[in-house]
Amino acid sequence: MTATQATDDPLFTPLQAGELRLPNRIVLGPLTRSRAQQPGNVPGPMNAEYYAQRAGAGLIVSEATNISQVGMGYALTPGIFTDEQVAGWRLVTDAVHAAGGQMVLQLWHCGRMSHEALHPGIPPMAPSAVHCDACQVFYVDDEGKGGLRPVSPPKAMTKTDIDATIQDYVTATRNALAAGFDGVEVHSANGYLLHEFLASNTNQRTDEYGGSIQNRARMLFEVMDAVLGELPAGRVGVRVSPLFKLNGIDDADPAETFGYASEHLGKRGIAYLHVADTDVMRGAEPKMEQILPFTRGKFDGVVMLNGAYTPERARQAIEDGDGDCIAFGRLFLANPDLPERIRRGGPYNEPNPATFYGGGAEGYTDYPTLED
């Protein structure tokens with residue numbers, strides 16, 4: 001595709017997502033890169049450079065960001081619950097805005113996908129004390145050695161724990177605004193806390209937060225209502241992954257679960273619903289065609305799709321009305337000027353998996369642009 005032809009490209013049509021005006025429909029998806037400064041898991045200048053390099057996106061969704069210490073599940077990931085973290089993220093948003101971009105912060109609580117070493121003396125929190133024998137997380141031991149470790153057995157949250165966690169989302173939202181973000185995205189996918197409440201196999205509660213889908217979705221909607229008390233719905237997105245099968249998730253009826261969740265998220269008038277087919281990260285075949293019926297006709301707002309999309313497949317999805325914008329992950333990771341490369345039809349840098357997590361500038365800020 002030539003530059004002149006790109007004006008007819010659906011990926012370059014502006015999009016209004018709530019109060020967010022996207023100049024194009026190419027989104028930088030949330031990518032954990034495990035490069036927060038230590039101690040304190042604080043974003044720094046290198047993170048600011050990384051995101052500013054990708055400010056040509058219609059929207060940047062930050063890497064998943066811990067709303068609290070106990071919500072942390074992986075070492076070297078940033079938080080949004082200390083003054084130092086807020087100041088670090090302000091470096092990032094200032095750099096992105098100076099480069100002409102806009103950015104939302106993804107709010108993250110890992111739930112049972114955690115290890116007690118990340119919050120000593122406090123076990124991972126979960127809707128129920130259901131341990132995942134096969135689940136692992138990344139943390140660094142006292143000798144500075146990093147690696148995957150089995151998760152710690154979780155504690156079933158009390159009502160007091162639930163109320164405190166909802167307040168953590170409120171504080172994180174306030175801190176995101178103080179850090180200069182244009183909005184937030186609530187992470188309710190990939191087997192983390194809010195997904196654990198939704199999924200029938202990880203939520204075995206018998207109180208008002210368990211049993212029926214109306215009860216299992218209660219935590220998500222109490223979090224959403226609390227977040228929406230801090231900023232307009234038009235600046236809030238939600239991420240879901242209806243057919244996610246990793247991290248021990250095995251919901252009995254994802255069509256019912258996510259049909260209900262999508263309908264009620266739509267009623268809240270949020271900026272967008274981020275629908276992720278994330279099993280493709282581990283080599284699974286794309287399942288978006290199976291996922292879309294769960295949300296189609298139930299959520300009537302802007303839909304963001306995520307799932308190993310190529311530019312060609314992304315265009316087709318928009319033209320077919322399956323989604324309104326497309327979040328790119330690894331392709332954007334390796335191509336900081338991805339929108340311009342898509343506009344010109346490539347070429348594209350190949351991502352280096354060895355540098356995805358942890359480390360320094362190599363495989364992070366040193367991928368060349370077309371100008372380079």
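Model, not experiment: these values are computed from the prediction.
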- request: Salt-bridge test for K145 and D141: reply yes if a basic N is under 4.0 Å from a carboxylate O, no otherwise.
  value: no
- prompt: Partners of S212 by side chain to side chain donor-acceptor pair (under 3.5 Å), sequence neighbours excluded?
  reply: Q214
query: How long is the gap from CG on N306 to CD1 on I326, to the nearest 0.5 Å?
result: 9.0 Å
- prompt: Any salt bridge between D161 and K155, counting N to O under 4.0 Å?
  reply: yes
query: Got a donor-acceptor contact below 3.5 angstrom from the N349 side chain to the N335 backbone?
result: no
message: Measuring only between side-chain heavy atoms, which start at C-beta, is F294 closer than 4.5 Å to E256?
response: no
Distance-only side-chain donor-acceptor flag, N203 / R216, under 3.5 Å: no
message: Between E263 (side chain only) and T295 (backbone N and O only), is there a donor and an acceptor less than 3.5 Å apart?
response: no
field: Side-chain H-bond candidate by donor/acceptor type, E63 with Y51, under 3.5 Å
entry: yes
- request: Only counting residues at least two apart or in another chain, list the ones meeting side chain to side chain donor-acceptor pair (under 3.5 Å) with D372.
  value: T369
Spacing of H109 atom NE2 and S188 atom OG [to the nearest 0.5 Å]: 13.0 Å
query: Is a donor on one side and an acceptor on the other found under 3.5 Å between the side chain of R149 and the backbone of Q136?
result: no
- prompt: Hey, does the side chain of N24 reach the backbone of P10 with a donor-acceptor pair shorter than 3.5 angstrom?
  reply: no
field: Separation between CZ of R54 and CG of L338, rounded to the nearest 0.5 Å
entry: 9.5 Å
message: Can you list, by chain and residue number, the hydrophobic cluster partners of M304 when the side-chain cut-off is 4.5 Å?
response: L15, L20, L22, V27, L59, V61, V104, Y272, V302
Euclidean distance, D253 CG relative to Y260 OH, rounded to 0.5 Å: 14.5 Å
- request: Classify the angle between the aromatic ring planes of F244 and H195 as parallel (below 30°), tilted (30 to 60°) or perpendicular (above 60°).
  value: tilted
message: Quick check: F138 with Y74 (ring centres under 6.0 Å apart)?
response: no
query: Below 4.5 Å, heavy atoms only, C-beta onward: do M72 and T77 meet side chain to side chain?
result: yes
task: Taking the side chain as every heavy atom from C-beta outward, state whether M103 and V92 have any atom pair closer than 4.5 Å.
output: yes
query: Think R343 forms a cation-pi with F12, using NZ or CZ under 6.0 Å from the six-ring centre and within 45 degrees of its axis?
result: yes
task: Mind checking ring pair (Phe, Tyr, Trp, His ring centres under 6.0 Å) for Y192 and listing every partner two or more places apart, or none if nothing turns up?
output: W108, H187
field: Results of side-chain contact (heavy atoms from CB on, under 4.5 Å) for D94 - residues two or more places apart only
entry: R90
- prompt: So, do F356 and T32 sit near enough that their side-chain heavy atoms are less than 4.5 Å apart?
  reply: no
statement: The reported gap from CG in L193 to CE in M219 (rounded to nearest 0.5 angstrom) is 5.0 Å
message: I'd like to know if R315 pairs up with D9 as an ion pair, taking the criterion as any Lys NZ or Arg NE/NH1/NH2 lying under 4.0 Å from an Asp or Glu carboxylate oxygen.
response: yes
field: Side-chain ion pair, R296 and D322, N-O less than 4.0 Å
entry: yes
- prompt: If you look only at pairs with a residue in residues 226-252, which of them pass as a side-chain hydrogen bond (donor to acceptor under 3.5 Å, both in side chains), with sequence neighbours excluded?
  reply: E19-R235, R174-E230, N190-S241, S200-D251, R239-H274, K245-D250, D251-T257
